[in-house]
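Here's the structure, in structure tokens; my notes come after.
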Amino acid sequence: RRLERPEPSVLTPSRPRRGKVDLLIGLDGSDASTAAASLALGLFGPRTRRVTLATVLDVDTAAPHADHVLYPGPWPEETAARALLDTAAAELGARFDATPGAVVLAGVPADALEQYAVDEGYEVIVVGCRGKGLSKLLLGSCASQLACKTKVPVLLIPAGTVGTAPADGHAAAAPVG
């Protein structure tokens with residue numbers, strides 16, 4: 001039995017900047033997602049207004065039964081998700097003089113990111129592509145799904161892309177390999 005999707009768990013709100021673009025950046029703990037976040041912040045630079053880092057947990061992991069006596073504290077997956085977001089927010093915030101927000105979502109990653117972006121008014125969803133095979137594996141399943149069906153523009157950053165990503169918003173990117 002699957003539980004209904006819980007409400008997003010906003011860990012920290014984004015501190016608005018002077019720019020006009022709101023970015024929702026999906027992180028999954030991979031090097032590709034971390035690089036995508038850094039490159040996106042470098043590309044958009046001072047044009048960003050809100051930057052929110054998001055990670056997505058399975059519905060059952062994100063919303064265990066409230067009366068679960070055997071494990072009353074946060075689940076290990078939730079603790080790991082929070083640590084991932086905290087670390088990324090601190091590193092990106094220091095590098096780009098920003099205060100990214102952080103949110104833990106639940107559900108299918110592409111659906112959860114899209115729904116949150118629509119509900120909260122984000123203009124761009126940023127995700128890293130890390131697949132290595134054909135079709136959806138070329139991008140990764142989340143990136144592939146977002147590229148094909150979302151109502152919100154998506155910036156897909158290929159795995160292996162290295163960007164200088166300076167904080168001034170004039171990043172140069174080149175594929176590696």
Side-chain angles (χ1 to χ4, degrees), residues 2-3 5-12 14 22-44 48 50-64 74-93 95-96 98 100-120 122-163 165 173 175-176:
R2 299 206 39 102
L3 299 171
R5 182 182 304 184
E7 291 297 314
S9 177
V10 177
L11 305 180
T12 55
S14 175
D22 293 333
L23 299 178
L24 179 62
I25 301 174
L27 294 177
D28 64 5
S30 69
D31 290 342
S33 71
T34 303
S38 181
L39 189 58
L41 284 172
L43 287 170
F44 283 94
T48 59
R50 278 188 307 163
V51 176
T52 299
L53 308 175
T55 194
V56 184
L57 298 177
D58 179 81
V59 172
D60 293 336
T61 300
W75 289 56
E77 294 85 355
E78 180 185 349
T79 301
R82 289 173 180 259
L84 167 71
L85 293 171
D86 288 345
T87 300
E91 290 173 4
L92 293 168
R95 182 168 177 201
F96 295 100
V103 61
V104 177
L105 305 172
V108 175
D111 296 341
L113 289 169
E114 178 187 18
Q115 189 62 54
Y116 191 75
V118 168
D119 291 348
E120 298 298 321
Y122 286 88
E123 281 90 14
V124 179
I125 300 171
V126 177
V127 292
C129 306
R130 61 185 176 130
K132 298 182 188 292
L134 298 174
S135 71
K136 76 175 183 180
L137 295 178
L138 181 62
L139 297 175
S141 60
C142 178
S144 179
Q145 290 171 15
L146 283 169
C148 291
K149 69 164 192 84
T150 187
K151 299 171 188 159
V152 178
V154 178
L155 175 60
L156 303 174
I157 309 285
T161 300
V162 176
V176 174

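These numbers come from a predicted model, not from an experiment.
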Pair D111, Q115: side-chain N/O donor-acceptor within cut-off below 3.5 Å: no
Side-chain heavy atoms of E120 within contact of V103, under 4.5 Å: no
From I157 atom CD1 to T34 atom OG1, the distance as rounded to the nearest 0.5 Å: 12.5 Å
Step-by-step side chain to side chain contact (heavy atoms under 4.5 Å, CB included) determination, V152 to L24: CA-CA 10 Å; V152 178; L24 179 62; over 6 Å; no
Considering all heavy atoms, the nearest P100-G93 contact: CD-CA, 4.0 Å
Heavy-atom closest contact (L84 atom, D28 atom, distance): CD2-C, 4.1 Å
Nearest-0.5 Å distance, CG of residue L113 to CD of residue Q145: 10.5 Å
Nearest heavy atoms of E114 and K149, plus distance in Å: OE1-NZ, 2.8 Å
Considering all heavy atoms, the nearest S33-G26 contact: CB-O, 3.8 Å
Considering all heavy atoms, the nearest G107-V56 contact: O-CG1, 3.3 Å
Heavy-atom pair with the smallest gap, counting every atom of A112 and L105: O-CD1, 3.6 Å
Rounded distance [0.5 Å steps], CG in L155 versus CG in L146: 11.5 Å
Interatomic spacing from CD1 in I125 to OG1 in T52 - rounded to 0.5 Å: 12.0 Å
Passing candidate, side-chain contact (heavy atoms from CB on, under 4.5 Å) with L92, options T87, L53, I25, V51: L53
